[in-house]
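Heads up: the structure comes next, in structure tokens.
As the structure lists them, so they are numbered: ligands from 1, and atoms in each ligand from 1. We number each residue from 1, following the sequence as shown. Values below: all heavy atoms of this structure, side chains included; hydrogens, waters and symmetry mates excluded.
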Amino acid sequence: MPGVVVVGAQWGDEGKGKVVDLLTQRVDAVVRFQGGNNAGHTVVVGQDKFILHLIPSGVLHENKSCFVGNGVVVDPEVFIAEIDRLEQRGVDVSPRKLRLSERAHLIMPYHKALDVAREKAKGKSAIGTTGRGIGPCYEDKAARVGVRVVDLLEPEILTEKVRAATTEKNFWLKEYFGAPTLDAEAIIADYLRYAERLRPFVTDVSVELDHMLESGGLVLFEGAQGVHLDIDHGTYPYVTSSNPVAGAASPGAGVGPKRLSGVLGIVKAYTTRVGSGPFIAELEDENGRWMQEKGAEFGSTTGRPRRCGWLDTVVVRQSVRLAGVSCLCVTKLDVLTGLKTLRICTAYKLDDGSIVERIPASLGVLARCTPIYEDLPGWEEDISQARSLEDLPDNCQRYLQRLAELVGAPLALVSVGPERDATIVVRDPLAVKEA
Ligand code: IMP
């Protein structure tokens, strides 16, 4: 059981941070393989709350290796600030513990400027990006003009690349978007400074992971965002620019697919989404407001309120298929306590009366869909102290059973509160065998 991937099965913010933190106690290493500081993983340790955007949440544990893989886009300023903040709070973030892939692409100031300018120009059809430069950085990677971590260690190459890129980006910023331009020499000076801070962390992540896996190590691959924000499989174009599906852990960290032998899908007990895009089970009533308030549904990266809705099993079922989910972790179940009736979306109905059981690729078709709900009775009892399924009220157990049945994967963990120990272990997610 060498490599286990944790993925979000909805639109991100499922509570992956807590689960990764919990499982980290039993693994040797934690690896990020896609996304960047658009992510925000919240971890509560005792009285302390940590929000991590780029560094794997495994860093909060002693003696665990944390890797930022080549598939991640790294804003060096954010990476350094995150290290500094953690160290100020007494967390060891030495290069012995944290490793950064030399092949990862760097988010540059012009990526952030373009992200913001492009969103502004889109007006009403804006994606609602986090404005962190994620999309433009992945664009440059695909266009083969990106700046990589390794370039920081070769000042001449860095200088040449930044000058060329800034000339082109300034043209777009000034002539197309009417936005302020950037000074290449200032960027180069800043990035050469970052280089000195980052140098000790830089490594060939693929080689280090290979050694670890060859010697019997257990590695956790920490997905960011969620399957429905996947650039290929999500609600395009309302997606992020990476692949949050589990398979992306292979190219994004430089490990062969056979190393990945289990996939834990994290499912919030209801649905949330930040930014624009289709959301069939969305609620704009008191139930939605309940979820937003009780679940504190505000983005940990941008602070934006998250859109809330009932659990949509069309969404999760599709994630189980796309990510090869072998077992589930249901989070924030306690948020639903007190709601009289709970609804689960089991399928969609098209305006011609036909039933839709998977998410159509066409946003036009999706816009013609309405949710089909199954109603289940809620529960009133406080569940935050439950530590086994039997401790849960019958209606709560039924809700979980129905969820697992409808999405087609077994339950492994159920989270009933933000703390590490507020968790029910149904089966060991690190012991799930290859399907
Ligand atoms: P980007 O990743 O900043 O380009 O944003 C693209 C879309 O993905 C927007 O709708 C964002 O709100 C959403 N998004 C990006 N990262 C996260 C995340 O970690 N959680 C939830 N939504 C996210």
Side-chain angles (χ1 to χ4, degrees), residues 6-20 32-43 51-57 71-75 78 82 105 107-108 110-122 124-142 222-245 248 252 265-268 270-279 282 291-292 295-309 312 315 319 331-332 363:
V6 172
V7 294
Q10 291 147 318
W11 279 287
D13 308 317
E14 295 90 354
K16 296 178 289 293
K18 170 185 156 168
V19 181
V20 169
R32 280 267 323 252
F33 58 90
Q34 48 71 230
N37 60 310
N38 47 350
H41 291 171
T42 307
V43 184
I51 299 180
L52 297 160
H53 297 287
L54 201 48
I55 294 177
S57 41
V72 176
V73 286
V74 177
D75 184 328
V78 171
E82 208 155 272
H105 279 248
I107 295 180
M108 309 297 291
Y110 44 77
H111 292 142
K112 291 182 263 191
L114 281 169
D115 194 357
V116 173
R118 200 171 283 157
E119 282 284 277
K120 198 171 154 207
K122 280 191 172 137
K124 272 196 180 147
S125 55
I127 292 166
T129 71
T130 58
R132 302 294 193 263
I134 307 296
C137 184
Y138 278 115
E139 279 173 43
D140 276 2
K141 175 177 178 175
E222 176 180 1
Q225 289 85 47
V227 169
H228 291 269
L229 286 173
D230 187 282
I231 188 151
D232 288 289
H233 301 286
T235 42
Y236 190 91
Y238 299 99
V239 292
T240 191
S241 296
S242 66
N243 289 109
V245 292
I266 316 296
V267 182
K268 200 182 283 191
Y270 48 99
T271 313
T272 61
R273 174 164 203 172
V274 204
S276 319
F279 183 173
E282 185 167 13
M291 292 163 190
Q292 191 175 73
E297 295 296 353
F298 294 89
S300 46
T301 299
T302 58
R304 292 180 287 178
R306 296 177 185 144
R307 300 155 65 193
C308 297
D312 184 340
V315 164
S319 297
T331 60
K332 292 187 125 173
L363 291 194

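- Here the closest non-hydrogen pair linking T240 and P244 is CG2-CG, 4.2 Å.
- Shown are R307, K268, Q292; of these, the side chain to side chain donor-acceptor pair (under 3.5 Å) with E297 is made only by K268.
- Checked by distance only, ligand 1 and R132 stay at 3.5 Å or farther apart across all their nitrogen or oxygen atoms.
- Here the straight-line distance linking atom CD of Q225 with atom CG of N243 works out to 11.0 Å at 0.5 Å rounding.
- Every atom of ligand 1 is numbered from 1 in the order shown, and the set under 4.0 Å from a heavy atom of D13 is 20 (N), 21 (C).
- Residue W11 has at least one heavy-atom neighbour below 4.0 Å for each of these atoms of ligand 1: 21 (C), 22 (N).
- Counting protein heavy atoms only, atom 2 (O) of ligand 1 is closest to T240 OG1, 2.6 Å.
- For the pair Q10 (side chain) and V315 (backbone), a donor-acceptor distance under 3.5 Å is absent.
- On a distance-only criterion, R304 and ligand 1 share at least one N/O pair closer than 3.5 Å.
- The side-chain contact (heavy atoms from CB on, under 4.5 Å) search around P278 returns T235, Y238, R273, L363, L366, not counting sequence neighbours.
- Considering only residues two or more places apart in sequence or on other chains, D13 meets the salt bridge (Lys or Arg N to Asp or Glu O under 4.0 Å) condition with R306.
- The distance criterion of under 3.5 Å between nitrogen or oxygen atoms is met by T130 with respect to ligand 1.
- With hydrogens left out, the protein atom closest to atom 22 (N) of ligand 1 is L229 CD1, 3.5 Å, a heavy atom.
- For S276, no nitrogen or oxygen atom sits less than 3.5 Å from a nitrogen or oxygen atom of ligand 1, counting backbone and side chain alike.
- Among all non-hydrogen protein atoms, the one lying nearest atom 17 (C) of ligand 1 is Q225 CG, 3.5 Å.
- Near G128, meaning under 4.0 Å from any of its heavy atoms, are these atoms of ligand 1: 9 (C), 10 (O), 11 (C), 12 (O).
- Judged by the shortest distance from any of its heavy atoms, S241 lies outside the 4.0 Å radius around the atoms of ligand 1.
- Look at V239 and you'll find a heavy atom under 4.0 Å from some atom of ligand 1.
- Here the protein heavy atom with the shortest distance to atom 5 (O) of ligand 1 is T129 CA, 3.3 Å.
- Within 6.0 Å of atom NZ in K120, 12 or fewer heavy atoms from other residues, nucleotides or ligands are found, so the atom counts as exposed in its surroundings.
- For OH of Y236, the number of neighbouring non-hydrogen atoms (other residues, nucleotides, ligands) closer than 6.0 Å is 12 at most.
- A39 counts as a contact of ligand 1, since one of its heavy atoms falls under 4.0 Å from the ligand.
- Of the possible donor and acceptor atoms, none in the side chain of N37 sits under 3.5 Å from a partner among the backbone N and O of L54.
- Only one option out of K16, E222, H53 pairs with H41 in a side chain to side chain donor-acceptor pair (under 3.5 Å); it is E222.
- Considering backbone and side-chain N/O of V274, one or more are found under 3.5 Å from N/O of ligand 1.
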